[in-house]
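Below is one structure, written out as structure tokens; comments come after it.
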2 protein chains.
Amino acid sequence: MAYRETAKVRDRKALTEQRILQASHELVAEAGFAALQMNQVAQRAGIATGSLYRYFANKETLAAEVFRQATEIEVDHVRRCLQQADSCALSRLEHALQTFAERALKAPKLAWALIAEPVDPAVDQQRLHYRLQYANLFACAVQQAIDDQLIPQQDPMLSSTAMVGAIAEALIGPLAQQAQDPTHAITHTITQFCVRGLAPFRYSVTGASL
Amino acid sequence: MAYRETAKVRDRKALTEQRILQASHELVAEAGFAALQMNQVAQRAGIATGSLYRYFANKETLAAEVFRQATEIEVDHVRRCLQQADSCALSRLEHALQTFAERALKAPKLAWALIAEPVDPAVDQQRLHYRLQYANLFACAVQQAIDDQLIPQQDPMLSSTAMVGAIAEALIGPLAQQAQDPTHAITHTITQFCVRGLAPFRYSVTGASL
DNA sequence: ACAAAGAGTGAATCACGGTTCACTTTTTCA
DNA sequence: TGAAAAAGTGAACCGTGATTCACTCTTTGT
């Protein structure tokens with residue numbers, strides 16, 4: 001036996017894998033999973049098509065991993081918003097929604113790919129998994145708000161899903177008109193819509209928010 | 001010239017075209033536009049693959065027509081709800097949302113295909129067109145409610161889009177758990193979420209709806 | 001320096017599904 | 001009835017894009 005993987009090789013392989021994932025991420029962010037084509041990925045990563053298959057068993061696996069990483073980042077952002085301990089559950093939720101909305105609006109193709117684009121069973125399963133994480137995060141905040149009697153009793157999961165849907169549709173749906181209003185105004189409006197949906201009785205008759 | 005299309009032939013052709021559209025509609029309703037494959041359509045319609053092309057120039061055209069017809073039906077349902085003159089704008093809107101939600105929940109695959117599934121440019125353009133009709137209908141009701149001072153000033157189009165998104169996501173998104181609650185309860189809940197999103201100050205402190 | 005083992009390559013292959021077209025069948029009318 | 005015109009057929013064709021594989025290049029330990 002005259003060969004055993006050494007650190008140098010391991011590092012190079014790790015680097016190549018990173019380049020593959022990076023290239024894939026770029027393609028998806030630019031034009032969705034439909035643009036994730038094996039020789040495009042290879043070309044952008046600077047390797048041969050065949051080499052891809054030394055790193056990922058098949059396209060499904062690669063796509064699922066790209067999806068997983070991308071969603072992880074998004075979920076982390078939202079989680080961080082919800083962990084700030086310096087305000088009430090409802091404000092934190094509002095902040096998280098706003099972040100979610102702003103990030104979606106800044107990278108609409110990516111957001112669409114993660115939220116809605118159908119790909120294949122493996123990715124759809126990943127999507128389900130991370131969707132659950134998302135929904136759980138929001139739902140958890142909703143539950144806290146309920147416990148704190150800031151909003152009335154309701155199914156937190158359903159509300160959470162509805163809020164994600166409202167934001168997604170308004171910002172990246174087919175009718176999302178590009179930047180008629182400035183970014184911040186539009187995300188604020190839609191966030192307010194969501195929060196009001198949860199919490200009718202915390203708002204005064206003049207409609208002023210918390 | 002020893003041939004000119006006669007009534008008999010015309011009728012038969014019309015019938016065949018109907019069968020093609022019917023078969024296509026079934027396939028889409030069962031598994032989305034991805035299942036709209038030319039030889040599947042032909043088989044279900046009981047004709048040869050080649051014959052399809054005597055009726056539709058290509059798949060794009062067929063898909064667009066299937067989409068158009070299906071959406072027309074849905075839009076009509078909603079329009080009818082909004083035309084009832086016997087109640088206030090907000091009640092009508094609520095009724096329309098409820099109808100939209102119930103129909104989506106009963107045929108989720110079809111709803112998904114019409115609302116979200118990406119197909120091809122021709123269909124996407126149709127989608128944009130009918131989405132606009134949809135949004136306009138809801139937005140019109142929202143505007144009326146604003147004029148009647150039932151809800152505060154807001155961008156009716158944005159609210160309308162958000163409501164459609166909330167319903168779609170909650171009912172047919174990847175997290176749409178099948179029938180945990182009875183149909184009516186779930187559509188009612190989500191409808192209420194939407195209406196509250198519009199109209200904070202019409203609700204009393206107890207959270208009772210109009 | 002050499003041989004074993006893995007890593008890298010990219011042209012060839014394969015699967016899938018839309019489209020075509022040479023052919024058959026049906027319809028119409030003189 | 002016969003010939004023109006159209007309708008119907010389905011196997012062959014084609015483009016696209018994932019996957020394979022026979023080959024070359026690198027790396028490693030003796």
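Letters A, B, ... mirror the listed sequences (proteins, then strands); counts begin at 1.
Atom-to-atom, CD of Q43(B) to P of dG8(D) comes out at 18 Å; the value is rounded to the nearest Å. What separates CD of E60(A) from P of dA18(D) is a distance of 12 Å, to the nearest Å. Rounded to an integer number of Å, the gap from CG of D120(A) to P of dA18(D) is 11 Å.
Of the residues in residues 61-71 of chain B, not one comes within less than 4.0 Å of DNA chain C through any heavy atom.
A salt bridge does not link R12(B) to E5(B): none of the charged nitrogens lies less than 4.0 Å from a carboxylate oxygen.
When atom types are taken as modelled, the side chain of T161(A) and the backbone of A170(B) share no donor-acceptor pair closer than 3.5 angstrom. Judged by distance alone, the side chain of R127(A) and the main-chain N or O of E117(A) form a donor-acceptor pair under 3.5 Å. With hydrogens and angles disregarded, no donor-acceptor distance shorter than 3.5 Å links the side chain of R92(A) to the backbone of Q83(A).
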Sugar-phosphate atoms are those with a prime plus P, OP1 and OP2; base atoms are the rest. Using that split, label each nucleotide of nucleotides 7-17 of chain C B, S or - for protein heavy atoms under 4.0 Å, 5' to 3'. BBBB------S

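For the residue pair S159(B) and Q154(B), a side-chain donor N or O sits within less than 3.5 Å of a side-chain acceptor on the partner.
Residue pairs meeting the ring-ring contact (aromatic ring centres under 6.0 Å, His included) criterion with at least one member in residues 49-108 of chain A, sequence neighbours excluded: F100(A)-Y134(A).
Evaluated for a salt bridge (Lys or Arg N to Asp or Glu O under 4.0 Å) with E74(A), the options R79(A), R103(A), R68(A) yield exactly one hit, R103(A).
Enclosure of atom CD in Q125(B) is not indicated, since only 12 or fewer non-hydrogen atoms of other residues, nucleotides or ligands lie within 6.0 angstrom.
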